[in-house]
Amino acid sequence: MIDIKLIRENPELVKQGIRNKNEKDTLDELLKLDEERRVIITEVEELKAKRNQVSSKIPQMKKAGEDVSEVLVEMKQVSDHISSLDTKLKSIEEQLEKYLLFIPNMPHSSVPVGKSAEDNIEERQWLPAGFSFDKREKILDHIELGKKLGILDFERGAKVSGSGFPVYIDKGATLERALINFMLDYHINKHNYSEVFPPFLVNKDSMLGTGQLPKMADDMYYIEKDDLYTVPTAEVPITNLHRNEILDESELPKNYVGYSACFRREAGSYGKEAKGFLRVHQFNKVEMVKIVKPEDSYNELENIVNDAEDILKALEIPYRIILLCTGDLSFSAAKCYDIETWSPAENKWLEASSCSNFEDFQARRASIRFRRKSAKKPEFVHTLNGSGLATSRLMVSLLEHYQTIEGTIAVPEVLQKYTGFNLID
RNA sequence: GGAGAGGUGGCAGAGUGGUUGAAUGCGGCGGUCUUGAAAACCGUUGAGGAUUCACGUCCUCCGGGGGUUCGAAUCCCUCCCUCUCCGCCA
């Protein structure tokens, strides 16, 4: 959520931000409601002040033996007037809230203006020693490899749950588990994150807090009976750990890392992108979340990207860093880098991580604040998160990149102590 | 699933219709004392909103929502959550 004062005082700036993000501009309606709201508040508060004043005098009058019946009649009218204004006010505030929840975060000034993914900027590439983009002969894609080696089973996953629910078998399952543990350990031990093992079901307030709701409602699995949502990312439960809290300055920054299964309905996205691991309803992800002071957030964004990169360097998988343009930026983000890993079989880059600074957008929605030692008023924190990383896309690159000429998979060295084997055949 | 108890300020905990935004204690902050610290003592200490250049003034908030009343933390309805016991179960 952005600050309504910013909208009030600088509507043109906000309109520009909305346009650059390809979102719907409803500022005029919003501002009109805001104005109405304030007119009514002024009126109703005057009446309430009067009511409070008179009400406190009534016991004194009674004590003095005065007749209060006339006052009571008059006050009854005032009260009725108040409640009708309050009803009106409530309805306006609900509408206002609705508009406000659909206003996207403003892009940071360092984000290039652009319409779509084509306007994103490649910041840098990292390639393992001896790597070449030249396509080898007889290269298999991850689906063929998974089938041949008996480590992935998409058909049976479809039988058990539906399409987009892959099953890992034998060494495939072990490899997946090894990857998750490796990444968690790396961030905990080398990057000093605190480990969180979060719930996979969250309530509506949490989904609103991090900005998935209301806009992305159709992409979430929802359990009606209990009014709970499956998490689309560990970002949601972890960031919401501090919802409605005022933290002490000394507690910041908070650095969390956690694993969760991630569930996404991916409504309306069936098609060519959907094969194998490329688009699934359930996948595994290790997520980093930072809660920081505003002045530190852009520095921390670079840190989070570096932390995710370290994993890929350790795994020796080729990747590149993409700075998203305004048009490709998600609803809640102010700035975002994607990390894409190379798929030799697809002959293209795959998004395996997304690292974002939300500034105070989520903090406002979730009311996460902190108090500086010197100041009395609490301030909103800045929140960030980054995948470190998502295993599905990463697994595609890993399997394809580490396949041998015989069609077996060499296990990356850093994973071997987690898998207990060094070859999948 | 059954039975019961309870949700009040950073925490603990009073308060059952009328200056109660809320006693008291702890914690926090400031001060006195001290070479320094502790102890003791004194003072101070919630959030959001409207309005104002500002000082300030006013409104709202005692789990959420609704109701009764001139007036609700306090009474009524409803929902949610937490805890204890029993049952079931990984």
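The sequence lines fix the lettering, A, B, ..., with proteins before strands; numbering per chain opens at 1.
Taking the nucleotide of RNA chain B with the nearest heavy atom to each of A/Gln60 and A/Pro378, the more 5' of the two is matched to A/Gln60. Residue A/Lys377 is the one, among A/Lys377 and A/Val71, whose nearest nucleotide of RNA chain B lies closer to the 5' end (criterion: closest heavy atom).
One finds a side-chain N or O of A/Ser79 lying less than 4.0 angstrom from the OP1 or OP2 phosphate oxygen of B/rG71. Regarding contacts with the backbone of B/rG49, every side-chain N or O of A/Arg38 stays at 4.0 angstrom or more from both OP1 and OP2. The phosphate of B/rA50 has OP1 or OP2 within less than 4.0 Å of a side-chain N or O from A/Arg8. In this structure, A/Lys57 does not reach the B/rG18 phosphate: none of its side-chain N or O atoms is under 4.0 Å from OP1 or OP2. Look at A/Lys90 and you'll find a side-chain N or O under 4.0 angstrom from OP1 or OP2 of B/rG66. Between B/rG48 and A/Arg369, a contact under 4.0 Å exists linking OP1 or OP2 to a side-chain N or O. The shortest distance between the side-chain N/O atoms of A/Asn52 and the OP1/OP2 oxygens of B/rC70 is not below 4.0 Å.
Under 3.5 Å, the side chains of A/Asn303 and A/Glu300 contain a donor-acceptor pair of N or O atoms. If you check the side chains of A/Asn306 and A/Glu302, you find no donor sitting under 3.5 Å from an acceptor. There is no side-chain donor-acceptor pair under 3.5 Å between A/Asn203 and A/Tyr229. Neither side chain, A/Glu359 nor A/Asn105, offers a donor N or O lying under 3.5 Å from an acceptor on the other. Counted by atom type alone, A/Thr419 and A/Lys171 present zero donor-acceptor pairs between their side chains at under 3.5 Å.
Taking the P atoms as reference points, B/rA5 lies 15 Å from B/rC77, given to the whole Å. Between B/rU52 and B/rU16, the distance separating the two C1' atoms is 40 Å to the nearest Å. Here the separation of B/rG21 from B/rG71, taken at their P atoms, is 16 Å to the nearest Å. Comparing B/rU69 with B/rG13, their C1' atoms sit 30 Å apart, to the nearest whole Å. Taking the P atom of each, B/rC55 and B/rA50 are spaced 16 Å apart, rounded to whole Å. Rounded to whole Å, the P atom of B/rG87 lies 34 Å from the corresponding atom of B/rC76.
Between A/Arg243 atom CZ and B/rC81 atom P there is a gap of 13 Å when expressed in whole angstrom units. One atom, CD1 of A/Ile40, and another, P of B/rG49, lie 19 Å apart when rounded to the nearest Å. Rounded to an integer number of Å, the gap from CG of A/Asp226 to P of B/rC81 is 9 Å. Residue A/Arg372 contributes atom CZ, which lies 18 Å from atom P of B/rC29 at whole-angstrom precision. As a whole-Å value, the separation of A/Glu245 CD from B/rC11 P is 10 Å. Between the CZ atom of A/Arg37 and the C1' atom of B/rG48 there is a distance of 10 Å, rounded to whole Å. The nearest whole Å value for the distance from the CZ atom in A/Phe370 to the P atom in B/rA47 is 14 Å. Rounded to whole Å, the distance from CZ on A/Arg51 to P on B/rC58 is 16 Å.
The residue A/Ser56 sits apart from the nucleic acid: no heavy atom pair falls under 4.0 Å. Heavy atoms of A/Leu72 sit under 4.0 angstrom from at least one base atom. If you check every strand for non-hydrogen atoms under 4.0 Å, A/Lys50 touches nothing.
The side chain of A/Ile246 has B/rA47 as its nearest neighbour among B/rA47, B/rG49, B/rG48. Of the candidate nucleotides B/rA50, B/rU60, B/rU69, B/rU60 has the atom nearest to the side chain of A/Lys48. Each of B/rU69, B/rG71, B/rG49 was ranked by its minimum atom distance to the side chain of A/Glu45; first place goes to B/rG49. Counting only heavy atoms from C-beta on, A/Ala49 has its side chain closest to B/rC58 among B/rG49, B/rC58, B/rU69.
Panel note: side chain A/Ser367, backbone A/Arg364; no donor-acceptor pair is recorded below 3.5 Å.
The ring pair (Phe, Tyr, Trp, His ring centres under 6.0 Å) test with A/Tyr256 singles out one residue from A/His191, A/His187, A/His242, and that residue is A/His242.
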Stepwise ring pair (Phe, Tyr, Trp, His ring centres under 6.0 Å) test for A/Tyr221 and A/Phe200: CA-CA 11 Å; A/Tyr221 288 100; A/Phe200 292 180; over 10 Å; no

Does the salt bridge (charged side-chain N to carboxylate O under 4.0 Å, His left out) test come out yes or no for A/Lys90 and A/Asp86, once each step is laid out? CA-CA 6 Å; A/Lys90 205 186 148 208; A/Asp86 267 341; over 6 Å; no

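Annotated stems with RNA chain B as a participant read B:1-7 with B:80-86, B:10-12 with B:24-26, B:27-32 with B:40-45, B:46-51 with B:56-61, B:63-67 with B:75-79, given as range with range, by first number; only runs of 3 or more Watson-Crick or G-U pairs under 3.5 Å qualify.
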